[in-house]
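Everything numeric here is computed off the predicted structure, so don't read it as measured data.
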Amino acid sequence: MVNLASLNPQQRHAVETTEGPVLILAGAGTGKTRVITCRIAHLVAKGVSPGDILAVTFTNKASREMQERVRTMLPRPRRDGDAPPERPTISTFHSLCVRILRLHIEKLGYKRNFTIYSDGEQMSAMKKVLSSIKIGAEKTDAREMLSLLSRIKNSKDGQISGDPNLIALAQHLRIKYESSLRACNAVDFDDLLLLTLRLFKEHPESLEACREKYRYVMVDEYQDTNAAQFQLVHSITSEHRNFCVVGDDDQSIYGWRGAEVANLLDLEKFYPEVKVVKLEQNYRSTNVILRAANAVIKNNPRRRPKQLWSKQGDGLLIQLHTFKDDEEEARVIAEEIEANRTMRGIPWNEQAILFRTNIQARPLEMALRKEGIRYHLIGGQGFFDRREIKDFISYLKAFLNPHDDISLLRIANTPARGLSDVTMERLLAASSERKCSVYSALKNPLVQISFQERTRESIMAFQKLLETNHNALQQEEGTLRLNDWADQLMGKIGYYEEIRRSEKEAAAADSRIRNLKEMMVDLEPSDYYAPTPAERLTYYLEQITLDADRSEEKEVAENAVTLITMHSCKGLEFPHAFVVGLEEGLLPHSRSKVEGTLDEERRLFYVALTRAMKTLTLSYCLGRRKYGQPTPAHPSQFLKELPPECIEDADAKAKKPVDVGTGKSLFANMRSAING
């Protein structure tokens, strides 16, 4: 049930404004998730069918949290055995598009069992394309090409800023890259959006079906939508116009990957009748932290004004450190974190260090290790980046869709089965020559006969392995349990034996095998049933491809300090936060002057400030090592935007020695520097 009395007046107004276009302008820490879930429950209480409601988020974590909250608010079956009531659709943009495409993609010439390529598989596909063309003497970076291609595909008109030569090359590669994926019946993350838009354009009946199904649409983190996402939502809602977006332009920090804050700032251009509701009461931070954040962000010229405040009191002043170099910065912060634990009873997992770029993590990791402090680096190697997990997923994908070249090439000789790199290169060349998948090439008798007998036998054995397991997954009424099948398969092909042979230590081998066993436990999804193993496995692979961050959440749960970039920290909160490296060239980043993104850099600082709940410590260095050489550093221009009454000189408080050259504390030097 919905308890509207528990909401503050602005939150309640947002929940009760249900008809027509609505913009909920939700500042940091103002309880937007609670508002969205209450709004869904309120719509159902008013008589709206749950099946008519669509809520779209950006992360699977947010989607799961929202689903769980809504589940507790909606009616349950009255008696045991009753069918569960219909539920709202709560998903990410990509999951929503997968849902639509699984029903309709055959209209676009794809098969329903299409494969969704992960980041790594996209890299492999792009490298394969690059290797097939002559691009001059320069070595082209596949990751850079994919990034440019993604920006082009998600822009309004295919026009982006940057090096014109690289952009022209990316445009040229796009045709070959997309053709390569199409031949494998595969799509990438951008394709999920673009193919759905193409479906709506070419087959209006599919769009009409979505409009009929989703009569009330809500979008979270609307400031992060790109052109394709805006167009998708606009297509579904432009007729009934029951469209509620929740966002904060002050937290728009993903312009580099296509997010367009103008989608939020200029909403009235598309929905002139939009009602705007501001949420400004913050439930996370103290007023000292909020006043500092408000003072910084007001310097952005184009924004929707809002003033965050809290009932939690002023709290402690923000501590500001000035350090000689990044090694001293890392050492002192590590010592302070340990002092917080031993002297103030603050556990490691309530403390976090935020920084602008990943390279800043190295000295911090070294200092934490020296102090014996456990930490978790967000963005380090994830569970799904481990070799055995990548191999296992490639096997599953290849058995479902043998035409998936990337997966097939990965497993062809893993473990060794007589298919050398030379053999696979010849098969790849044969597939290019015949314009077909590698699987089609390897089972072609004319291709097989071109190999020596021993290699031909290996090719035919591999073909049989693929076909046998592909057919096993298609059985309509069988007793095949995916976890048992996968376990037996890994043993039969010798993968477990290969792990034990390749690892010097038995413990390392056991750990890798245990990782595989953990994956297998989840192969039969508890929240989804379909008659064929292939359908169940397809659903499972969709979930892990779209939700590869789930393993990181488990690792973060232990008692450890969080190390995280400012871009990764949005949506999170930490009782005690250290924001480091506040220097010109780092924040704002040196690229911001060339690219004209100073406002976004300021928003990034604002996001970092508003992650802190109880205490906030800021720091910058007088020098920082670059490529092993000491380089002078200067305080960030954003520091002078902080209200002096909110800041305390941590160095003077600790009676840190004065600078012998000036007779002033480093804090005083910093104040002089940032004030000109």
Could you go through the side-chain hydrogen bond (donor to acceptor under 3.5 Å, both in side chains) check for D190 and N154 one step at a time?
-> CA-CA 7 Å; D190 295 326; N154 285 292; 2.8 Å; yes

Check step by step if side-chain hydrogen bond (donor to acceptor under 3.5 Å, both in side chains) holds for S147 and E144.
-> CA-CA 5 Å; S147 176; E144 184 178 18; over 6 Å; no

Salt bridge (charged side-chain N to carboxylate O under 4.0 Å, His left out) assessment of R603 paired with D249 = CA-CA 9 Å; R603 292 196 290 266; D249 52 305; over 6 Å; no

For E121 and S118, what are the C-alpha separation, side-chain angles and deciding distance, and is it a side-chain hydrogen bond (donor to acceptor under 3.5 Å, both in side chains)?
-> CA-CA 5 Å; E121 289 164 332; S118 66; 3.3 Å; yes

Tell me, with the steps shown, if D599 and R302 meet salt bridge (charged side-chain N to carboxylate O under 4.0 Å, His left out).
-> CA-CA 9 Å; D599 288 357; R302 189 163 184 254; over 6 Å; no

E329 and R624: salt bridge (charged side-chain N to carboxylate O under 4.0 Å, His left out), yes or no, with the steps?
-> CA-CA 10 Å; E329 179 181 55; R624 185 170 293 273; 3.2 Å; yes

Could you walk me through whether K32 and D248 pass the salt bridge (charged side-chain N to carboxylate O under 4.0 Å, His left out) test, one step at a time?
-> CA-CA 10 Å; K32 68 180 178 63; D248 179 9; over 6 Å; no

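You'll find the side chain of L149 stays beyond 4.5 Å of the side chain of L173, heavy atoms only. Between V579 and M566, the closest side-chain pair of non-hydrogen atoms falls below 4.5 Å. In this structure, the side chains of E583 and S636 stay at 4.5 Å or more apart for every pair of heavy atoms. Using a 4.5 Å heavy-atom threshold, the side chains of R625 and D325 count as separate. Using a 4.5 Å heavy-atom cutoff, the side chains of L616 and L609 are in contact. Between F93 and L192, the closest side-chain pair of non-hydrogen atoms is not below 4.5 Å. Here the side chains of L364 and Y375 are not in contact, with every heavy-atom distance at 4.5 Å or above. At least one side-chain heavy atom of N287 sits under 4.5 Å from a side-chain heavy atom of L290.
Of the charged side-chain nitrogens involved, at least one lies within less than 4.0 Å of a carboxylate oxygen, so that D314 and R291 count as a salt-bridged pair. E335 and R331 are joined by a salt bridge, as a carboxylate oxygen and a charged side-chain nitrogen come within less than 4.0 angstrom of each other. Ionic pairing of E68 and R64 is not present here: no N-O contact between side-chain nitrogen and carboxylate oxygen is shorter than 4.0 angstrom.
Identified under the side-chain hydrogen bond (donor to acceptor under 3.5 Å, both in side chains) test for residues 606-618, with sequence neighbours left out: Q251-R611, H576-T615.
Other residues, nucleotides and ligands contribute only 12 or fewer heavy atoms inside 6.0 Å of the NZ atom of K370.
A distance of 6.5 Å separates NE2 in H94 from CD in Q229, rounded to the nearest 0.5 Å. Atom CD in E601 sits 5.5 Å away from atom CG in L587 (nearest 0.5 Å).
Contacts of F392 classified as ring-ring contact (aromatic ring centres under 6.0 Å, His included), with partners at least two apart in sequence or in another chain: none. Every residue was checked against the ring-ring contact (aromatic ring centres under 6.0 Å, His included) condition with H589, not counting sequence neighbours, and none meets it.
T414 and D391 form no side-chain donor-acceptor contact under 3.5 Å, judged by distance and modelled atom types alone.
Between Y395 and Y495, the ring planes are perpendicular. Angles over 60° get that label, and only those under 30° would be called parallel.
The backbone N or O of A612 sits less than 3.5 Å from a side-chain atom of S285, completing a donor-acceptor pair.
Between R500 and D510 the shortest heavy-atom distance is NH1-OD1, 2.9 Å.
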